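Here is the structure we will look at, set down as structure tokens.
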Amino acid sequence: MAMKSKVLIVGGTGYLGKRLVKASLAQGHETYVLHREEIGVDIEKVQMLLSFKQQGAHLVTGSLNDHQSLVKVVKLVDVVICAISGVHIRSHQILLQLKLVDAIKEAGNVKRFLPSEFGTDPARMENAMEPGRVTFDDKMVVRRAIEEAGIPFTYISANCFAGYFLGGLCQPGFILPSREQVRLLGDGNQKAIYVDEDDIATYSIKTIDDPRTLNKTVYIRPPQNILSQREVVQIWEKLIGKELLKSSISEQEFLAIMKEQDYAEQVGLTHYYHVCYEGCLANFEIGDGAEEASKLYPEVKYTTVEEYMTRYL
């Protein structure tokens, strides 16, 4: 049995990062979690780090703003996974990864880097709208730096985080499903792909020692979870045993409302627009040079949309 790679997770206390730490440990990888020394009195973060330690992770101090500390930490591992936030309503820090790329390049020992992607494939979004396109543009800047530095990579395109999309029945600004009503975006028939965040982490860790995913994009497209907003609503109606009152918001109305929001909200709404009105996640075939996670790893029993939504009952 080949030795499993040692893994460093940057952003390990975040929404997806904590799940990556858990999945890495569960799959038997020696796991290192980077944290800053100046953590202040963020008690929840400290307690999370201590719980990682109790589960067997190594806590390592370093900062994206301290090049030497970063190089030292990177030299301890084979694989680096970055999960820093790229969501404007939380914090958008995608370009900070360029400092990580510099450290990986100097260290010279990393066999695989998974940058903070985990959403829509930015390589397919060259025609995205302002201001939301900044997310994709920044991710492409990071990709170019990785490829120019000759760093081996895997890019994970995980589509829609179930918590954000299913929780609100695909309505922006909602993360708990109503038992009364729902607003459909357009006709509600554009397909999207919803993935349980724990499954995103499981699949991501599966890729790191897999030669089939080296220097490729891996899309996570669980077949049962490729559904339209209308189909998601029908699943919820079946679970609660009643029909919701439905209204609809046209493309024009959506764009007009979007223009009135602040910058961070506009960025998020642009992404909803591309997913829910244009169907950007499911309207293409996965070509050569890319892989699909549920096909590569049939042994992973992924959470279906219906299973995910039972938690809201």
Side-chain angles (χ1 to χ4, degrees), residues 4 7 9 12 14-29 31 55 79 81 83 87 112 114 116-121 124 154-170 175-177 190-214 216-239 271 275-276 279-287 290-313:
K4 288 188 176 246
V7 179
I9 295 175
Y15 183 63
L16 188 62
K18 63 188 177 196
R19 293 173 163 87
L20 287 161
V21 173
K22 200 173 136 196
S24 179
L25 290 166
Q27 291 180 41
H29 294 275
T31 305
Q55 292 163 51
V79 171
I81 302 176
V87 184
R112 193 85 62 104
L114 276 62
S116 188
E117 291 260 347
F118 307 111
T120 304
D121 178 5
R124 303 194 65 86
T154 298
Y155 303 139
I156 305 287
S157 175
N159 299 298
C160 299
F161 283 16
Y164 279 100
F165 275 79
L166 297 179
L169 301 175
C170 312
I175 53 171
L176 279 172
Q190 289 286 4
K191 299 275 188 192
I193 302 157
Y194 314 95
V195 190
D196 180 323
E197 292 83 345
D198 292 329
D199 293 342
I200 294 172
T202 298
Y203 283 127
S204 298
I205 299 297
K206 285 261 180 197
T207 68
I208 62 180
D209 283 335
D210 187 344
R212 298 172 296 177
T213 60
L214 181 61
K216 285 185 179 175
T217 296
V218 175
Y219 296 94
I220 306 180
R221 283 188 172 186
Q224 285 179 266
N225 293 4
I226 304 172
L227 301 167
S228 66
Q229 181 188 15
R230 212 176 260 281
E231 289 169 321
V232 168
V233 169
Q234 282 165 355
I235 287 170
W236 178 238
E237 288 174 330
K238 187 181 119 188
L239 287 172
H271 298 170
V275 169
C276 298
C280 69
L281 299 180
N283 65 1
F284 63 94
E285 294 299 317
I286 295 171
E291 299 288 346
E292 197 284 306
S294 67
K295 284 200 183 83
L296 289 179
Y297 312 112
E299 70 279 6
V300 175
K301 197 199 164 302
Y302 67 83
T303 305
T304 65
V305 168
E306 183 161 349
E307 288 163 350
Y308 191 93
M309 295 199 75
T310 57
R311 72 192 60 194
Y312 300 112
L313 290 173

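Atom set for the values below is all heavy atoms of this structure, side chains included, hydrogens, waters and symmetry mates excluded. Predicted, not measured: the structure shown is a model, and the values here were computed from it.
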Short side-chain to backbone donor-acceptor contact, Glu292 and Ile286, under 3.5 Å: no

Neighbour count >12 (heavy atoms, 6.0 Å) for atom NZ, Lys18: yes

Asn225 and Tyr308: side chain donor to acceptor below 3.5 Å: no

Minimum heavy-atom distance between Ile193 and Ile220, given as atom pair plus value: CG2-O, 3.6 Å

Check: Asp121/Tyr219 side-chain N/O donor and acceptor closer than 3.5 Å: yes

Distance-minimising heavy-atom pair for Glu231 and Lys191: OE1-NZ, 2.9 Å

Glu285 atom CD: more than 12 heavy-atom contacts under 6.0 Å: no

Polar contact flag, side-chain donor to acceptor under 3.5 angstrom, Thr31-Ser24: yes

Between Arg221 and Ser294: side-chain donor-acceptor atoms closer than 3.5 Å: no

Parallel, tilted or perpendicular: ring planes of Tyr194 versus Phe165, cut at 30 and 60 degrees: tilted

Sidechain-backbone polar pair: Glu307 side chain, Thr304 backbone, donor-acceptor under 3.5 Å: yes

Side chain to side chain donor-acceptor pair (under 3.5 Å) partners for Gln190, two or more places apart: none

Salt-bridge contact Glu197-Arg19 (side-chain N to carboxylate O under 4.0 Å): no

